[in-house]
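A short worksheet on the structure shown next.
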Amino acid sequence: EAVGGGFTSRVIFVVEERKRKIVPEHFVTDAEKELQGKLVRDLERISKLAGAVEFTDEGKKLYTDWYIQQDTELSLGRPVIDDTRFAGYCERRATHIRKLMMLCSASRGDDLTIRAEDFHRAKGLLEAVEVKMGKTFGGFGKARNSDVAELIKDYIQKMGITTRKSLMQKFYRDIDPMGMSIVEQSLREMGVIKVTLKPEIGEKVYEWIGG
């Protein structure tokens, strides 16, 4: 009941499925030590900023045009994240980008203004995160087996092609054959998989065709 409104709609969820790089042993280079010192000094200055943050003319026009466009898209039923659980987030999206613009302004300088570059940077950051944000609550839903259905969907997408036997071997602890048939039908009707019966191996083959 908490998902989709209240607290969760006020959070920018960052979802990643793998590490950016593997670091078996970490050590700090001289360049990183120098950067650390600069960051500490910069954060000390940011902590002392006070007063209203104002738009420049160009920054205000960019934000206003963006706001009108995204509000129009929302009213037409075309939210940036096509998931009912993110309806509250989409309604508060303008608030998120305003806060990000202020952060970008503070990281850039001390003038307490939102320039065009702050708008573009904030918009880019938000859009980059929203690509995978829909996966945040992948396993939450009221449908029976919704949690394992999401795992099965992700597995087929990762593998590209697999068999029903392989799926049952991997997920037998979480779902029975009848439940697997229901998940199969759901994924077919969603248009994300193609199911082919291979008589030569006596197996159903699942192929990922979704976006």
Side-chain angles (χ1 to χ4, degrees), residues 1-21 32 35-142 146-147 150 153-154 157 190 192 210-211:
E1 293 178 354
V3 173
F7 173 72
T8 58
S9 66
R10 291 173 168 85
V11 177
I12 299 174
F13 290 95
V14 180
V15 179
E16 286 298 339
E17 298 158 295
R18 56 182 57 89
K19 293 180 178 180
R20 182 167 62 91
K21 58 182 179 179
E32 288 173 332
L35 178 61
Q36 181 183 31
K38 291 180 179 179
L39 286 172
V40 169
R41 290 192 294 273
D42 198 26
L43 288 170
E44 287 175 348
R45 292 188 63 176
I46 289 174
S47 70
K48 296 175 183 177
L49 292 177
V53 179
E54 305 287 349
F55 280 102
T56 62
D57 291 341
E58 186 179 8
K60 186 173 184 179
K61 184 180 186 310
L62 286 168
Y63 170 74
T64 302
D65 291 345
W66 172 87
Y67 182 91
I68 293 171
Q69 180 184 1
Q70 82 109 29
D71 200 52
T72 301
E73 293 290 319
L74 198 58
S75 65
L76 293 174
R78 296 196 292 258
V80 66
I81 302 177
D82 190 15
D83 186 327
T84 55
R85 295 169 298 183
F86 281 89
Y89 168 85
C90 291
E91 291 174 358
R92 291 187 170 92
R93 193 170 179 238
T95 301
H96 288 307
I97 200 169
R98 284 199 298 268
K99 292 177 179 179
L100 281 173
M101 287 189 293
M102 288 191 285
L103 290 173
C104 290
S105 172
S107 71
R108 171 184 52 76
D110 302 341
D111 58 9
L112 295 178
T113 62
I114 295 176
R115 303 179 184 177
E117 61 192 276
D118 302 319
F119 167 79
H120 288 304
R121 186 180 174 199
K123 180 172 176 287
L125 288 169
L126 195 62
E127 290 177 346
V129 170
E130 287 170 344
V131 171
K132 295 184 179 180
M133 199 181 293
K135 296 187 177 184
T136 304
F137 307 120
F140 291 102
K142 296 181 179 179
S146 62
D147 52 349
E150 186 71 16
K153 180 173 75 69
D154 288 345
Q157 182 179 9
M190 288 167 59
V192 297

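Count residues from 1 along the sequence. This one's a predicted model, so the numbers in the text were calculated from it and none came from an experiment.
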One thing to verify: whether [Y] and [X] come together as a salt bridge, which I'm taking to mean a side-chain N less than 4.0 angstrom from a carboxylate O.
| X | Y | result |
| --- | --- | --- |
| Lys61 | Asp65 | yes |
| Lys153 | Glu150 | yes |
| Glu117 | Arg121 | no |

What's the shortest heavy-atom distance between [X] and [Y], and which atoms?
| X | Y | value |
| --- | --- | --- |
| Cys90 | Val80 | SG-CG1, 4.0 Å |
| Ala106 | Leu49 | CB-CD1, 4.1 Å |
| Pro79 | Leu74 | CB-CD1, 3.8 Å |
| Val129 | Phe13 | CG1-O, 3.1 Å |
| Leu62 | Ala116 | CD1-CB, 3.5 Å |

Go through the structure and list residues passing salt bridge (Lys or Arg N to Asp or Glu O under 4.0 Å) with Lys99, not counting sequence neighbours.
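Partners of Lys99 under the salt bridge (Lys or Arg N to Asp or Glu O under 4.0 Å) test: none.
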Salt bridge (Lys or Arg N to Asp or Glu O under 4.0 Å) involving Asp154 - partner list, sequence neighbours excluded
none
Would the number of heavy atoms belonging to other residues, nucleotides or ligands and lying under 6.0 Å from [atom1] of [X] be above 12?
| X | atom1 | result |
| --- | --- | --- |
| Glu73 | CD | yes |
| Lys60 | NZ | no |
| Glu32 | CD | yes |
| Arg108 | CZ | yes |

Parallel, tilted or perpendicular: which one describes the rings of Tyr67 and Tyr63, with boundaries at 30° and 60°?
tilted
Ring-plane angle category for His96 and Tyr89, please: parallel below 30°, perpendicular beyond 60°, tilted otherwise.
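Judged by the thresholds at 30° and 60°, the geometry between His96 and Tyr89 is parallel.
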N/O donor-acceptor pair under 3.5 Å between [X] side chain and [Y] backbone:
| X | Y | value |
| --- | --- | --- |
| Asp118 | Arg115 | yes |
| Thr113 | Glu54 | no |
| Ser105 | Met101 | no |

Can you tell me how far apart [atom1] ([X]) and [atom2] ([Y]) are? Round to the nearest 0.5 Å.
| X | Y | atom1 | atom2 | value |
| --- | --- | --- | --- | --- |
| Leu100 | Thr95 | CG | OG1 | 11.0 Å |
| Leu43 | Leu39 | CG | CG | 6.5 Å |
| Arg41 | Gln36 | CZ | CD | 10.5 Å |
| Thr72 | Arg78 | OG1 | CZ | 9.0 Å |
| Leu125 | Glu130 | CG | CD | 11.0 Å |
| Thr64 | Phe55 | OG1 | CZ | 7.0 Å |

Heavy-atom distance under 4.5 Å between the side chains of Trp66 and Arg93, does that happen here?
yes
Glu58: what forms a side-chain hydrogen bond (donor to acceptor under 3.5 Å, both in side chains) with it, not counting sequence neighbours?
none
